Amino acid sequence: MRGDAPALSVLGWLSRLPLLDRLELAALSGWSRGSVYRAVGALERERLVEPVRHAAELIAPTRRFALTAAGLRQLAEAEGVDLERLLRERMVSEHARRLFLGRIDALATLYRLCCAVADIGFPLQARCYRAAPVDLCLRLADGRSIALLRLGRLNERGSVARRLARLQGGPRFAAVLLLAPDETRLRDAARRLRTMSEPCFLSVERDAARAGPDARIWRAPSGSPPLSLREALDLPGTDRSWPVERPLVRVSAPIEEGNPVRLSVRTLSARLGPSEKRALDLLADWPWLRLDHLAKLLGVSRSRLRGLLRRPGEWGLINRLAVSGRTRLALSDRGLALLARRDRASVGGLRQRWSSELIDAKGGFGWRNVRGTRTRQLLRNLAHTDAVHGFLAALAEQAPSKGRQLVQLDPPHRASRYFRFQCRLRSIQPDAFGVLRREDRVQPFFLEWERRAIRPSTMARRLAPYLHYFSSKRPVEDHGVPPLVLVAFEAPLAAGHFLRLTREAQQGSGVRLPLWVSDCSTLEERGPLGSAWRSSERPIPERAFG
């Protein structure tokens with residue numbers, strides 16, 4: 001292999017960007033696909049690289065590759081570099097390998113973006129980071145540096161704010177490319193980056209994973225018209241920062257082939273399939289889901305659901321508990337750690353809030369004995385939690401038959417919105433937020449499931465934050481179009497009282513509120529997308545979603 005330039009190039013790229021697949025290696029190295037395929041095949045036969053099978057919701061099944069201990073020694077010899085130095089300066093140690101295996105889903109999307117940049121500014125240099133605010137840094141042929149940053153599904157508002165603050169206070173780049181999990185968090189990140197000195201361009205991760213360099217999917221924080229990646233990279237300045245992280249203190253070569261590898265949380269992302277990962281994401285968002293609700297949210301049969309939960313259950317990622325006579329599911333601490341490492345979130349922080357483990361193993365199961373503060377609250381109000389889950393499951397089940405797609409579904413901690421009203425920070429705290437799409441039209445909505453707002457004073461307190469929110473420009477800034485406010489009551493009488501109070505409040509404030517009200521029996525009979533909703537302007541039940 002000593003004189004095989006494509007093979008040496010493959011080893012070099014895998015030492016800088018671990019877990020590339022062959023198409024990505026071809027795009028980044030500049031060698032033809034045939035040359036890369038032959039080189040990787042030869043390296044695999046010589047056991048200098050090992051394959052890792054991987055599939056994710058946004059990335060088709062593929063084989064990714066990592067250096068073996070023999071491949072690392074071969075690379076050190078070919079480059080004339082001391083092996084210890086290579087272990088410290090590049091992502092090739094056993095610790096780094098496990099770290100990036102845990103992030104394999106995030107890396108796959110970022111690598112697709114790297115390939116799109118390579119189409120524009122070849123040849124590239126690249127560097128991966130463990131703990132910096134950016135995930136990757138690219139150096140174009142003209143010397144400019146481009147930072148790549150991905151916000152994960154589990155990253156909460158506070159952690160995103162801290163990370164973007166570190167980005168703004170760190171090295172300067174010619175441009176920053178940021179991937180957000182959905183439109184809502186993209187708009188929130190854009191607001192935080194408006195004071196950024198260097199150019200920033202943002203896109204939804206799903207779009208960036210599938211688009212080429214000429215697709216107009218990138219937006220600046222200022223709200224300018226969408227740009228293609230090619231157009232965006234024509235605008236940046238000349239900054240050439242190339243951040244360097246501290247070398248690892250303790251390093252070890254990759255485990256020799258044939259040695260047993262313990263089934264670690266850091267390796268499971270590469271073993272799970274896309275549907276299994278989607279089920280885990282839903283359980284992270286909605287703890288204590290019933291099996292029938294989870295099946296409807298996933299759009300699968302109960303028998304298919306049993307197959308999807310088999311391996312996560314065997315690997316200890318899910319807690320299956322009998323609560324109030326029904327089987328309910330929640331992520332275990334091991335499952336939380338798996339998703340936290342993918343999204344660069346705090347494992348300890350997630351467990352503190354969302355753990356479903358018992359505080360006292362001998363104390364028996366009950367809401368007081370559950371460790372996570374938020375899961376404990378959901379379990380304490382289980383009737384309300386069940387009602388919200390049931391509504392969302394019915395919506396997901398009914399949407400395809402009505403020609404709609406449920407493209408976003410956020411739990412309460414992500415559904416909240418903060419805004420200023422009369423010089424004070426205010427908020428709305430709905431039970432869920434979602435986005436339905438019909439062809440090219442999207443309709444966001446908030447859900448409020450009311451069990452206690454039966455007195456006029458309580459109803460007025462529930463309504464006031466929404467009147468304040470819709471009196472500002474924030475609804476359109478947050479979602480592009482005004483979202484609906486869906487309020488469901490258990491009793492038709494309470495729904496009627498709330499409608500009358502809403503009508504009076506709108507007349508008194510002059511604020512038009514796109515609020516629709518229904519009740520349990522009507523929703524059960526007609527479904528969330530049926531003629532089950534009344535507004536202050538339309539007392540006869542009709543469809544809330546046009």
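Small disclaimer: the values here were computed from a predicted structure and weren't measured.
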Tell me whether the count of non-hydrogen atoms from other residues, nucleotides or ligands lying under 6.0 Å of [atom1] in [X] goes above 12.
X: Glu542; atom1: CD; result: yes
X: Glu477; atom1: CD; result: yes
X: Leu425; atom1: CG; result: yes
X: Glu524; atom1: CD; result: no

Is any side-chain heavy atom of [X] less than 4.5 Å from a side-chain heavy atom of [Y]?
X: Asp285; Y: Arg153; value: yes
X: Leu177; Y: Trp218; value: yes
X: Arg320; Y: Leu309; value: yes
X: Leu336; Y: Val347; value: no
X: Arg304; Y: Ser275; value: yes
X: Arg376; Y: Asn369; value: no
X: Leu378; Y: Trp354; value: yes
X: Leu338; Y: Ser269; value: yes

Considering all heavy atoms, the nearest [X]-[Y] contact:
X: Pro181; Y: Gly152; value: CG-O, 3.9 Å
X: Leu513; Y: Tyr466; value: CD1-O, 3.7 Å
X: Ala415; Y: Phe446; value: O-CE2, 3.7 Å
X: Gly527; Y: Ala532; value: O-CB, 3.8 Å
X: Lys296; Y: Ala393; value: CB-O, 3.7 Å
X: Thr385; Y: Pro287; value: CG2-O, 4.3 Å

Salt bridge present between [X] and [Y] (N-O < 4.0 angstrom):
X: Arg374; Y: Glu156; answer: yes
X: Glu450; Y: Arg462; answer: yes
X: Asp478; Y: Arg187; answer: no
X: Glu357; Y: Arg351; answer: no
X: Asp188; Y: Arg191; answer: yes
X: Asp343; Y: Arg150; answer: yes

(request) Take Asp410 and Arg157 through the test salt bridge (charged side-chain N to carboxylate O under 4.0 Å, His left out) and record every step on the way to the result. (result) CA-CA 13 Å; Asp410 289 344; Arg157 186 178 286 104; over 6 Å; no

Counting only N and O atoms by type, is there a donor-acceptor contact under 3.5 Å from the side chain of [X] to the main-chain atoms of [Y]?
X: Trp533; Y: Pro528; value: yes
X: Arg144; Y: Ala174; value: no
X: Arg526; Y: Arg543; value: no
X: Trp288; Y: Thr375; value: yes
X: Arg194; Y: Pro221; value: yes
X: Ser159; Y: Asn155; value: no
X: Arg417; Y: Arg414; value: yes
X: Ser356; Y: Leu331; value: yes
X: Arg278; Y: Leu298; value: yes
X: Ser536; Y: Thr502; value: no

(request) Apply the test side chain to side chain contact (heavy atoms under 4.5 Å, CB included) to residues Ile59 and Tyr111: give CA-CA distance (whole Å), side-chain angles for both, the deciding distance (0.1 Å), then the verdict. (result) CA-CA 11 Å; Ile59 302 294; Tyr111 288 165; over 6 Å; no

Drop me the distance from [X]'s [atom1] to [Y]'s [atom2], to the nearest 0.5 angstrom.
X: Leu186; Y: Leu202; atom1: CG; atom2: CG; value: 5.0 Å
X: Leu178; Y: Leu151; atom1: CG; atom2: CG; value: 4.5 Å
X: Ser145; Y: Leu138; atom1: OG; atom2: CG; value: 9.5 Å
X: Asp519; Y: Glu490; atom1: CG; atom2: CD; value: 10.0 Å

Do [X] and [Y] have side-chain N/O donor and acceptor atoms under 3.5 Å apart?
X: His293; Y: Arg326; answer: no
X: Glu537; Y: Ser535; answer: no
X: Asp333; Y: Ser355; answer: yes

Compile the donor-acceptor pairs under 3.5 Å between side chains in residues 430-440 and protein atoms, sequence neighbours left out, one pair per line.
from, atom 1, to, atom 2, distance (Å)
Asp431, OD2, His384, NE2, 3.3
Asp431, OD2, Trp449, N, 2.8

(request) Carefully, step by step, assess Asp182 and Arg185 under the rule salt bridge (charged side-chain N to carboxylate O under 4.0 Å, His left out). (result) CA-CA 6 Å; Asp182 53 59; Arg185 281 178 279 187; 2.8 Å; yes

(message) So, using side-chain hydrogen bond (donor to acceptor under 3.5 Å, both in side chains) as the criterion, who are the partners of Lys277 when residues are at least two apart?
(response)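 Only Asp105 meet the side-chain hydrogen bond (donor to acceptor under 3.5 Å, both in side chains) criterion with Lys277.
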
(message) Go through it in stages, so that I can follow the logic: the residues are Leu113 and Leu229, the test is side chain to side chain contact (heavy atoms under 4.5 Å, CB included), and I'd like the CA-CA distance, side-chain angles, deciding distance and then a yes or no.
(response) CA-CA 10 Å; Leu113 180 53; Leu229 185 61; 4.1 Å; yes

(request) Please state whether the rings of Phe545 and Phe445 are parallel, tilted or perpendicular, taking 30° and 60° as the class boundaries. (result)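 Phe545 and Phe445: perpendicular rings.
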
(request) For the pair Arg163 and Arg344, evaluate side chain to side chain contact (heavy atoms under 4.5 Å, CB included) and give the outcome as yes or no after the intermediate values. (result) CA-CA 10 Å; Arg163 189 174 176 188; Arg344 293 186 60 178; 3.2 Å; yes

(message) For Arg328 and Asp386: C-alpha separation, side-chain torsions, deciding distance, then whether side chain to side chain contact (heavy atoms under 4.5 Å, CB included) applies.
(response) CA-CA 10 Å; Arg328 300 175 193 276; Asp386 253 357; 2.7 Å; yes

